[in-house]
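Here is the structure we will look at, set down as structure tokens.
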Amino acid sequence: MPELPEVETIARGLDRRVRGDVIESVWLGSKPEPLKSPAQEIVATLESRRINGVRRMGKHIVLDLEEVVGQAGVARRAKKSVRRRAGATSTKAQWIVHLGMTGRLLVCPPSEETAKHTHAVVKLASGRELRFVDPRRFGRLSVASNGDFEASGSEPLEVNLENFVDLFRGRKTPIKSALLNQKLLRGVGNIYADESLFRAGVRPRRRAASLTRENLSLLHSSLREVLKEAIKLGGSSVSDYVDADGEEGFFQLRHRVYGREGEPCLVCKTPIKRVVIAGRSSHYCPKCQK
DNA sequence: ACTATTTCCTGGATGC
DNA sequence: TGCATCCAGGAAATAG
């Protein structure tokens, strides 16, 4: 389940592998569910574009695209001119991928067998293919043909303490739910919400507005720590997460509460509790977290 | 303006 | 072995 550290790892890996490559053609699966933008617009925005870079915004992967210049590009543009006009794309555009729960972006040779649940195949000038595979179909593909994609919320690793504190002011919702709310903070999911709350000593059910300044200060730094540490370890591999190179992350070995229901707290040996908050399982130590 | 709940989707785990 | 049931979860939709 890719959250900020996993998406960051994947985006970095993709950047290394496909930056500078040119998209030659795009195949989209017949089922429209994984598409957030119209299929025709996606194709028109991607084809004949160079990938200038790949980066993360919240849980989104953003591929910055640019019109190809030079002979090959001109010829290709001429060929696609009809569709290109319909798409009305600018020279700078973006391809935005949200991996949902089980989405993956694979870079592979065309000879590689097409995995089940492959919803998009992008052919690159280097001869490789970039494939979007997503069994559970929670992932989404979209484009910003003018390059103006903006994700909601603050970046957890960039927001300062003052702004962080402001996010929770007056909110009656449990702090756990607030951390998961992408309109407040973008990129925090279930694992890192639980882990940061444990490190901050705050119970997930506490009303956000009830947290003291000290609580919030601790939560702010705990969240930063936990995210940075996870990025360093390549994310958490639970279920079948792997990065762009097919490598697993190792942060799952550092989880202190997530997925440890009934196991002893690593600090005080009290069994870790699991409760459901806003439909999400939430793990905490009843002794260490108040 | 918020907050809470439901829905989408499939594969793996569990139970009888 | 086979079949039904449950569960995981991000975010949009819906309800309150």
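Since this is a predicted model, take the numbers as computed values, not measurements. Below, read A as the first sequence line, B as the second, and so on, with proteins coming before strands; counting in each chain starts at 1.
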Name the residue closer to the 5' end of DNA chain B, choosing between A:Ser177 and A:Phe138 according to the nucleotide with the nearest heavy atom. A:Ser177

Between A:Lys172 and A:Arg280, which has a closest nucleotide on DNA chain B that is more 5'? A:Lys172

Name the pairs: protein N/O against N/O of nucleotides 10-13 of chain B, kept only if under 3.5 Å.
{"residue": "B:dT10", "atom": "O3'", "partner": "A:His117", "partner atom": "NE2", "Å": "3.4"}
{"residue": "B:dT10", "atom": "O2", "partner": "A:Arg136", "partner atom": "NE", "Å": "3.2"}
{"residue": "B:dG11", "atom": "OP1", "partner": "A:His117", "partner atom": "NE2", "Å": "2.8"}

Side chain to side chain donor-acceptor pair (under 3.5 Å) with A:Asn190: which of A:Lys176, A:Glu195, A:His283? A:Lys176

Among C:dA8, C:dA11, B:dA4, find the nucleotide with the atom closest to the side chain of A:Ser281. C:dA8

With sequence neighbours left out, which residue pairs that include part of residues 107-159 of chain A fulfil the ring pair (Phe, Tyr, Trp, His ring centres under 6.0 Å) condition? A:His60-A:Phe149

Could you tell me whether a side-chain N or O of [X] sits under 3.5 Å from a main-chain N or O of [Y], the two making a donor and an acceptor?
X        : Y        : value
A:Arg49  : A:Ile23  : no
A:Arg128 : A:Asp21  : no
A:Ser282 : A:Arg280 : yes
A:Arg186 : A:Ala151 : yes
A:Gln289 : A:Gly201 : no
A:Arg140 : A:Arg137 : yes

In terms of side-chain geometry, is the basic nitrogen of A:Asp166 or A:Arg169 positioned less than 4.0 Å from the acidic oxygen of its partner? yes

Electrostatic pair A:Glu8:A:Arg56 at N-O distance under 4.0 angstrom: yes

Could you state the atom-to-atom distance from [atom1] of [X] to [atom2] of [N] in whole Å?
X        : N      : atom1 : atom2 : value
A:Leu180 : B:dT5  : CG    : P     : 14 Å
A:Ile96  : C:dA11 : CD1   : P     : 14 Å
A:Lys176 : C:dG9  : NZ    : C1'   : 10 Å
A:Ile277 : B:dA4  : CD1   : P     : 11 Å
A:Leu179 : C:dA11 : CG    : P     : 14 Å
A:His119 : B:dC9  : NE2   : P     : 11 Å
A:Leu99  : C:dA8  : CG    : C1'   : 16 Å

Does [X] place a side-chain N or O at less than 4.0 Å from the phosphate oxygens OP1/OP2 of [N]?
X        : N      : answer
A:Thr173 : B:dC2  : no
A:Tyr258 : C:dG9  : yes
A:His98  : C:dG10 : no

Considering only nitrogen or oxygen atoms on both sides, find all protein atoms under 3.5 Å from nucleotides 3-7 of chain C and state each distance.
none

Could you list the residues that satisfy side-chain contact (heavy atoms from CB on, under 4.5 Å) with A:Ala278, not counting sequence neighbours? A:Ser177

Tell me whether the side-chain N or O atoms of A:Arg140 pair up with the base of C:dG10 as donor and acceptor below 3.5 Å, since no angle test is needed here. no

Between N or O atoms, less than 3.5 Å apart, protein on one side and nucleotides 12-16 of chain C on the other: list the pairs.
none

Sorted by chain and residue number, the salt bridge (Lys or Arg N to Asp or Glu O under 4.0 Å) partners of A:Arg224 (sequence neighbours excluded) come out as none

Quick one: label A:Arg186 by what it contacts on the DNA or RNA (base, sugar-phosphate, nothing), any heavy atom closer than 4.0 Å. nothing

